[in-house]
**Q** 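Below is the structure I would like to discuss, written out as structure tokens.
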Number of protein chains: 2
Amino acid sequence: MQTKAELTKQFILETVAPIFNQNGYAATSMSDITQATGLTKGAIYGNFKNKEELAISAFKFTVKALMKRIARHLELSDSPIQKLFLISDFYRNYYDYSKQLGGCPVLNIGVDANNQNTPLLENVKIVIEKIQDQVATIIENGIEAGEISTEINAMQYAKRLDTMIQGAVFMTYTMDDEFYMKDTMNQIDQMIHNELKA
Amino acid sequence: MQTKAELTKQFILETVAPIFNQNGYAATSMSDITQATGLTKGAIYGNFKNKEELAISAFKFTVKALMKRIARHLELSDSPIQKLFLISDFYRNYYDYSKQLGGCPVLNIGVDANNQNTPLLENVKIVIEKIQDQVATIIENGIEAGEISTEINAMQYAKRLDTMIQGAVFMTYTMDDEFYMKDTMNQIDQMIHNELKA
DNA sequence: CCAATAATATACCAATTGGTATATTTTAAA
DNA sequence: TTTAAAATATACCAATTGGTATATTATTGG
């Protein structure tokens with residue numbers, strides 16, 4: 001059984017995470033947080049050392065939910081190459097899903113923290129590396145399974161896919177137009193077909 | 001001859017633009033601005049209505065410089081397809097150049113203004129559309145000149161290029177690693193060769 | 001060189017910022 | 001049910017926020 005405090009901490013994070021994600025670090029005030037949670041400063045500062053620790057925890061909270069969701073989606077197939085198609089499939093609906101999170105945490109916090117909040121930025125970097133490692137592993141498994149050409153540099157392609165996806169997320173949000181997301185995913189599917197397949 | 005006030009206005013913009021671009025709107029305070037310029041609030045508010053107008057003017061100032069630089073680079077060839085290669089060529093060195101601007105204004109202000117500052121976001125949208133129109137025009141000229149396949153949808157490809165470039169800018173800045181920029185530009189060159197060429 | 005005006009500096013405003021010390025309430029084990 | 005401890009609320013802090021009214025200084029055309 002969870003203690004009351006653990007539940008409160010959880011509640012604060014799930015309430016505050018989308019706010020930080022939407023507004024950014026500086027534009028989110030402690031009074032935004034007390035207002036949204038209905039709690040007082042005592043409760044917030046009792047559970048988190050300061051604003052920065054809260055922002056980092058909130059980022060981790062959002063990323064954890066996102067990663068779990070992706071991982072679950074990738075379970076729909078065991079085939080490495082099909083898993084790659086499942087990634088583009090996941091991002092086809094990412095605009096709607098990520099809106100619930102307050103936007104894409106990697107993009108938003110990545111840009112927001114740049115030259116602003118070093119510890120926060122470090123956490124974003126770690127997440128990006130983790131994602132790319134996972135995609136690279138899928139590609140490597142595909143090569144071993146004979147599904148993907150041995151010519152392919154797994155990490156390079158993982159980074160290419162990640163770069164294209166982040167570009168599509170940025171354009172989709174900024175222009176408020178899902179065309180970018182959908183078209184980029186079509187482009188990625190074509191890449192998998194034409195360049196990656198053995 | 002420019003009046004003293006016009007020179008001051010110019011000076012404020014060139015001093016303040018990179019600060020807004022780096023920090024974002026909320027994280028840039030009026031005292032940051034007075035400190036950086038060495039001017040007082042009287043001078044700032046005498047030249048700009050308020051913080052928002054200053055931020056918008058600063059964004060336009062940066063974009064103007066950037067667009068001029070790109071336009072000049074594209075003058076190096078008259079051939080549409082060579083102009084496309086010149087675009088990727090320009091962005092190969094974009095990390096170093098854009099650092100002087102305080103980062104990529106489209107990416108930084110685009111993300112920062114999302115759900116935060118509607119007038120600022122509108123200005124970012126207009127810039128993105130303008131850029132895409134220009135690229136689409138180059139592609140259309142290439143089709144007319146017989147350099148580019150008639151199968152190509154100019155605007156779709158302009159958006160794809162823009163999306164990939166923005167993704168590369170984001171990854172390069174967030175990871176502080178130019179690999180993303182360089183590799184994406186190689187990828188774009190390959191696309192031009194393999195998909196666009198007539 | 002002078003006067004009208006434009007430009008900038010100064011001093012101030014209420015509101016809000018992140019954070020803390022302390023008081024109060026709630027929790028949970030005995 | 002009592003009680004020690006944990007969790008939350010309250011009241012406060014100095015510093016900073018964006019912005020303004022007014023005083024002072026520069027500028028520039030005649």
Side-chain angles (χ1 to χ4, degrees), chain A residues 1-59 61 109 112-113 115-121, chain B residues 1-59 61 109 112-113 115-121:
Chain A
M1 174 195 164
Q2 294 189 86
T3 75
K4 183 79 201 302
E6 280 168 343
L7 284 172
T8 304
K9 205 163 183 172
Q10 191 80 0
F11 167 72
I12 292 173
L13 284 180
E14 69 190 28
T15 307
V16 154
I19 299 175
F20 268 116
N21 198 8
Q22 265 194 31
N23 300 351
Y25 183 75
T28 302
S29 67
M30 293 311 293
S31 65
D32 287 336
I33 287 160
T34 53
Q35 210 172 322
T37 54
L39 296 169
T40 58
K41 287 194 175 186
I44 305 295
Y45 279 93
N47 284 288
F48 299 92
K49 201 178 93 193
N50 53 28
K51 189 185 171 185
E52 185 177 85
E53 194 193 273
L54 178 54
I56 291 175
S57 299
F59 172 72
F61 178 87
I109 310 295
D112 184 65
N115 289 307
Q116 287 290 125
N117 189 312
T118 315
L120 204 42
L121 181 62
Chain B
M1 175 194 164
Q2 293 188 87
T3 76
K4 183 80 199 301
E6 279 169 343
L7 284 173
T8 305
K9 205 163 184 172
Q10 190 82 356
F11 167 72
I12 293 173
L13 284 180
E14 70 190 25
T15 308
V16 154
I19 299 175
F20 268 117
N21 198 9
Q22 264 192 32
N23 300 351
Y25 183 75
T28 302
S29 68
M30 292 311 292
S31 64
D32 287 336
I33 286 158
T34 53
Q35 210 172 321
T37 54
L39 296 170
T40 59
K41 287 193 174 186
I44 306 295
Y45 279 93
N47 284 287
F48 299 93
K49 200 179 94 194
N50 53 28
K51 190 185 170 186
E52 185 176 86
E53 194 193 274
L54 178 53
I56 291 175
S57 299
F59 172 73
F61 178 86
I109 310 295
D112 183 66
N115 289 308
Q116 286 290 125
N117 189 310
T118 313
L120 204 42
L121 181 63

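Throughout, a chain's letter reflects where its sequence line sits, starting with A, and its residues are numbered from 1.
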**Q** Applying side-chain contact (heavy atoms from CB on, under 4.5 Å) between B:Leu39 and each of B:Ile12, B:Asn47, B:Ile33, report the one that passes.
**A**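 Among B:Ile12, B:Asn47, B:Ile33, the one that satisfies the side-chain contact (heavy atoms from CB on, under 4.5 Å) with B:Leu39 is B:Ile12.
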**Q** Give the rounded distance in Å between these two atoms: CG of B:Leu7 and C1' of D:dA26.
**A**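 From B:Leu7 CG to D:dA26 C1': 14 Å.
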**Q** Can you tell me if the side-chain N/O atoms of B:Asn47 get under 4.0 Å from OP1 or OP2 in C:dA6?
**A** no
**Q** At their closest point, which heavy atom of A:Val16 faces which heavy atom of A:Ala58, and how far apart are they?
**A** CG1-CB, 4.4 Å
**Q** For B:Phe20, does the six-membered ring have the charged nitrogen or CZ of B:Lys51 within the cation-pi criterion, i.e. under 6.0 angstrom from the centroid and within 45° of the normal?
**A** no
**Q** How far apart are the C-alpha atoms of A:Thr40 and A:Thr34, what are their side-chain angles, what is the distance that settles it, and do they pass the side chain to side chain contact (heavy atoms under 4.5 Å, CB included) test?
**A** CA-CA 5 Å; A:Thr40 58; A:Thr34 53; 5.6 Å; no
**Q** Name all residues meeting the side-chain contact (heavy atoms from CB on, under 4.5 Å) criterion together with B:Ala27; count only those two or more places apart in sequence or in a different chain, and write none if there are none.
**A** A:Ala26, A:Gln116, B:Asn23
**Q** Rounded to whole angstroms, how far apart are CZ on B:Phe11 and C1' on C:dA7?
**A** 15 Å
**Q** Just how far, in rounded Å, is P of C:dT26 from CG of A:Leu39?
**A**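 It works out to 14 Å between those atoms.
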**Q** Quick one: side-chain contact (heavy atoms from CB on, under 4.5 Å) partners of B:Glu14, sequence neighbours excluded?
**A**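 So B:Glu14 forms a side-chain contact (heavy atoms from CB on, under 4.5 Å) with B:Gln10, B:Phe11, B:Phe61.
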**Q** Over how many whole Å does the gap from B:Lys9 atom NZ to C:dT8 atom P extend?
**A**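 Computing the B:Lys9:NZ to C:dT8:P distance gives 11 Å.
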**Q** Heavy atoms under 4.0 Å is the rule here; annotate nucleotides 14-25 of chain C 5' to 3' with B where the base is hit, S where only the sugar-phosphate is, and - elsewhere.
**A** ---SBBB-----
**Q** Does A:Thr8 place a side-chain N or O at less than 4.0 Å from the phosphate oxygens OP1/OP2 of D:dA7?
**A** no
